[in-house]
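The structure displayed is predicted, hence computed values, not measured ones. Quick note on labels: first sequence line is chain A, next is B, and so on, each numbered from 1. Because only heavy atoms are used, hydrogens play no part in the values below, and waters and symmetry mates are left out as well, while side chains stay in.
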2 protein chains.
Amino acid sequence: MSKCEHCIVRQFNSLNTLTREELVRVSACKTGRVVKKGDIIFREGEALNGIYCIREGVCKLTKLSENGKDQVVKLSVKGGMMGQRSLVSNECSNLTAVALNDMQICFIPKQEILDDLQKNVNFSMDLLKRMAQDLRDADDSLVDMAQKTVKQRLAETLLYVKNKFDNDADGYLALTLSRDDYASIVGTATESAIRILSQFKKEGIISTKGKQIKIEDEQALKRVE
Amino acid sequence: MSKCEHCIVRQFNSLNTLTREELVRVSACKTGRVVKKGDIIFREGEALNGIYCIREGVCKLTKLSENGKDQVVKLSVKGGMMGQRSLVSNECSNLTAVALNDMQICFIPKQEILDDLQKNVNFSMDLLKRMAQDLRDADDSLVDMAQKTVKQRLAETLLYVKNKFDNDADGYLALTLSRDDYASIVGTATESAIRILSQFKKEGIISTKGKQIKIEDEQALKRVE
DNA sequence: CGTGTTCTTGAATTCAGTCAACGAATGTGG
DNA sequence: CCACATTCGTTGACTGAATTCAAGAACACG
């Protein structure tokens, strides 16, 4: 298994602030894992005992609402970390992580990270900064969720996916999500999401091929109200 | 002005992890301020240059959505801190703070806090923990916002206010909010909030006297769906 | 091939937002 | 202290948005 100190993915997250020695120690106790599309990495309510670092692939972090529907709270991608929040507050996971792709992830045990947090101010400050950013993002999403229509949120989600994952060679969104996933990100019923997508299609704003989506008129999406 | 090292409010927030000397230094550079009900403490987009510590009173943290409506993201109370997120990520404020009561607040300049964050691991870890908790709360709210009905959210808000602020001598909620505030917490139109409140009233779940609200049947509120 | 999942559409219904109007409460200046 | 203006709370009627239920088509997979 490759070593953390040589891992390029690290540059995208807080682990980049660790010293060489710290990385070597982390590397020594980490474990790798391959995850297939659709697999659950961890579940809401589960004790995590460490953090995950995503080497490859994408996953969704969801939370089950009381009415039994999953709500996607965040998408995590290559270079991302998962489980920091639970680790820091010493709680069980608040979210469920499900792979949207085939993935490769690393697991770093809790104690190692806690030690580094205590000893390396750069690390704790970086984690603090990223948590602050996550908090801002969450607040922004909250406001969108509360104040915008399903149509607006879906338009924003499409733009988000395009910006974050770009297009594939044919111009389709590089990250392919099911209609269900879209609905669960936007916070609506699957049929509602589908209905709006087909409306966008009719208006020439997007085109589709199976579950793949191509954005034809980005400006129009930005103008949706 | 009273000194931080003697301030009892500190025990409710991260400042409690500071050493006596650090507190003395903080105390020396802090400034106090009295804020009247309805006053704006800081605005979205404003540079904060420090953090606020609430000595007395309650305020709402809101964010303006694109459609021009304010959404309440959080209520901050006695002992709470505001502005940490912006300080940590070195950004302008993401939220507007408006006093719901007459308040007393203290302001501690940025540099002082940043120094302490660098030097005192207990402090940075505590802040990290609290930020993690805020993030969890935000995620939970997000899911509620996305998946629950206005009625459910309003019921939860009433329960939240009761639990967090308790009742006054007559059994009315100790924190009196305007119908507008309730609507803005729940993320709905004022009339919708009013309509549901009068429905609760008709069902004997709550009673009202002017803008004051008394919860008559807490269990019924918990059962709302 | 079936068989199950995912996608799609229709119709009926419920939910929530908007506009309009009015009374009650609150605050202000004379 | 009163008259006025202003805000806040309340309700009705209407419209549009979104959910639900139902059913069929397309697709994926063993």
Side-chain angles (χ1 to χ4, degrees), chain A residues 36-38 60 65-71 98 100 102 143-155 157-158 172-173 176-203 206-214 224-225, chain B residues 36-39 60 65-71 98 100 102 144-155 157-158 172-173 176-203 206-214 224-225:
Chain A
K36 289 226 194 77
K37 180 175 174 172
K60 59 178 176 182
S65 88
E66 284 170 28
N67 68 10
K69 281 188 201 163
D70 273 320
Q71 174 66 38
V98 182
L100 294 173
D102 290 346
V143 176
D144 283 354
M145 219 43 111
Q147 302 281 356
K148 294 190 176 171
T149 63
V150 171
K151 195 169 166 186
Q152 285 175 305
R153 283 180 270 153
L154 184 53
T157 302
L158 289 170
Y172 290 91
L173 292 175
T176 302
L177 294 168
S178 70
R179 302 300 195 239
D180 226 30
D181 284 331
Y182 275 109
S184 173
I185 292 171
V186 168
T188 191
T190 310
E191 300 95 320
S192 300
I194 290 178
R195 218 152 249 146
I196 294 171
L197 282 175
S198 57
Q199 190 188 340
F200 284 162
K201 202 167 149 186
K202 205 173 295 173
E203 293 168 2
I206 62 168
S207 61
T208 61
K209 192 175 75 180
K211 56 165 59 177
Q212 291 187 85
I213 295 174
K214 186 190 288 190
V224 165
E225 3 193 295
Chain B
K36 290 226 194 76
K37 178 175 175 176
D39 283 356
K60 59 179 176 181
S65 87
E66 283 171 30
N67 68 11
K69 280 189 202 161
D70 274 320
Q71 173 67 38
V98 182
L100 293 173
D102 290 344
D144 283 352
M145 217 45 106
Q147 301 281 356
K148 295 190 174 169
T149 63
V150 171
K151 195 169 167 183
Q152 285 175 307
R153 283 180 270 153
L154 184 53
T157 302
L158 290 170
Y172 290 92
L173 292 175
T176 303
L177 294 168
S178 69
R179 303 302 196 238
D180 225 32
D181 284 332
Y182 276 108
S184 174
I185 292 171
V186 167
T188 189
T190 310
E191 301 94 320
S192 299
I194 290 178
R195 216 152 251 141
I196 295 170
L197 283 176
S198 58
Q199 191 188 339
F200 284 163
K201 203 167 145 184
K202 204 174 295 171
E203 293 168 1
I206 63 168
S207 61
T208 61
K209 191 175 74 180
K211 56 166 58 177
Q212 292 187 84
I213 296 173
K214 187 191 285 188
V224 166
E225 354 194 299

(request) Check the distance between C:dT8's C1' and A:Ile213's CD1 and give it to me in whole angstrom. (result) 14 Å
(request) Can you tell me the distance, in whole Å, between the CD atom of B:Gln71 and the P atom of C:dG17? (result) 11 Å
(message) Is it the case that the side chains of B:Asp181 and B:Ser184 hold a donor-acceptor pair, with the cut-off being a distance below 3.5 Å and no angle test?
(response) no
(message) So does B:Lys211 get a backbone contact from the side chain of B:Arg179, meaning a donor-acceptor N/O pair under 3.5 Å?
(response) yes
(request) Please report, rounded to the nearest Å, how far the C1' atom of C:dT26 is from the NZ atom of B:Lys37. (result) 11 Å
Polar atom pairs (N or O), protein with nucleotides 13-16 of chain C, under 3.5 Å:
from: C:dA16; atom 1: OP1; to: B:Val150; atom 2: N; distance (Å): 2.9

(message) Under 4.0 Å, counting only non-hydrogen atoms across every strand here, what does B:Lys209 touch: a base, just sugar-phosphate, or nothing?
(response) nothing
(request) Provide the closest heavy-atom pair for A:Thr176 versus A:Gln212 in the form atom of the first, atom of the second, distance. (result) OG1-CG, 4.1 Å
(message) What is the distance, to the nearest angstrom, from the CG atom on A:Asn67 to the C1' atom on D:dT20?
(response) 13 Å
(request) For residues B:Tyr172 and B:Lys209, report the shortest heavy-atom separation together with the two atoms involved. (result) OH-CB, 3.5 Å
(message) So if I apply the side-chain contact (heavy atoms from CB on, under 4.5 Å) rule between A:Leu154 and each of A:Thr188, A:Ile185, A:Val186, A:Val224, which one comes out positive?
(response) A:Val186
(message) Using the side-chain hydrogen bond (donor to acceptor under 3.5 Å, both in side chains) definition, which of the options A:Gln71, A:Glu66, A:Lys69 pairs with B:Gln147?
(response) A:Gln71
(request) Would you confirm whether B:Asp102, through its side chain, and B:Lys37, through its main-chain N or O, come within 3.5 Å as a donor-acceptor pair? (result) yes
(message) Would you say that A:Tyr182 contacts A:Ile213 through its side chain, given a criterion of any heavy-atom pair below 4.5 Å between the two side chains?
(response) yes
(message) Five pairs per end, C1' atoms only: what is the angle between the end axes of the helix from C:dC1-D:dG30 to C:dG30-D:dC1, to 10 degrees?
(response) 50°
(message) On a heavy-atom basis, which atom in B:Leu158 and which in B:Leu173 lie closest, and how many Å separate them?
(response) CD2-CD1, 4.1 Å
(request) Determine, stepwise, if the pair B:Thr208 / B:Leu197 fulfils side chain to side chain contact (heavy atoms under 4.5 Å, CB included). (result) CA-CA 9 Å; B:Thr208 61; B:Leu197 283 176; 6.0 Å; no
(request) Could you check how far CE of A:Met145 sits from C1' of D:dA18, rounded to whole Å? (result) 15 Å
(request) State, yes or no, whether a side-chain contact exists between B:Gln199 and B:Arg195 at a heavy-atom distance under 4.5 Å. (result) no
(request) Any chance you could list the contact pattern along nucleotides 8-15 of chain D? Use B for base contacts, S for sugar-phosphate-only contacts and - for none, protein heavy atoms under 4.0 Å, 5' to 3'. (result) -SBBBB--
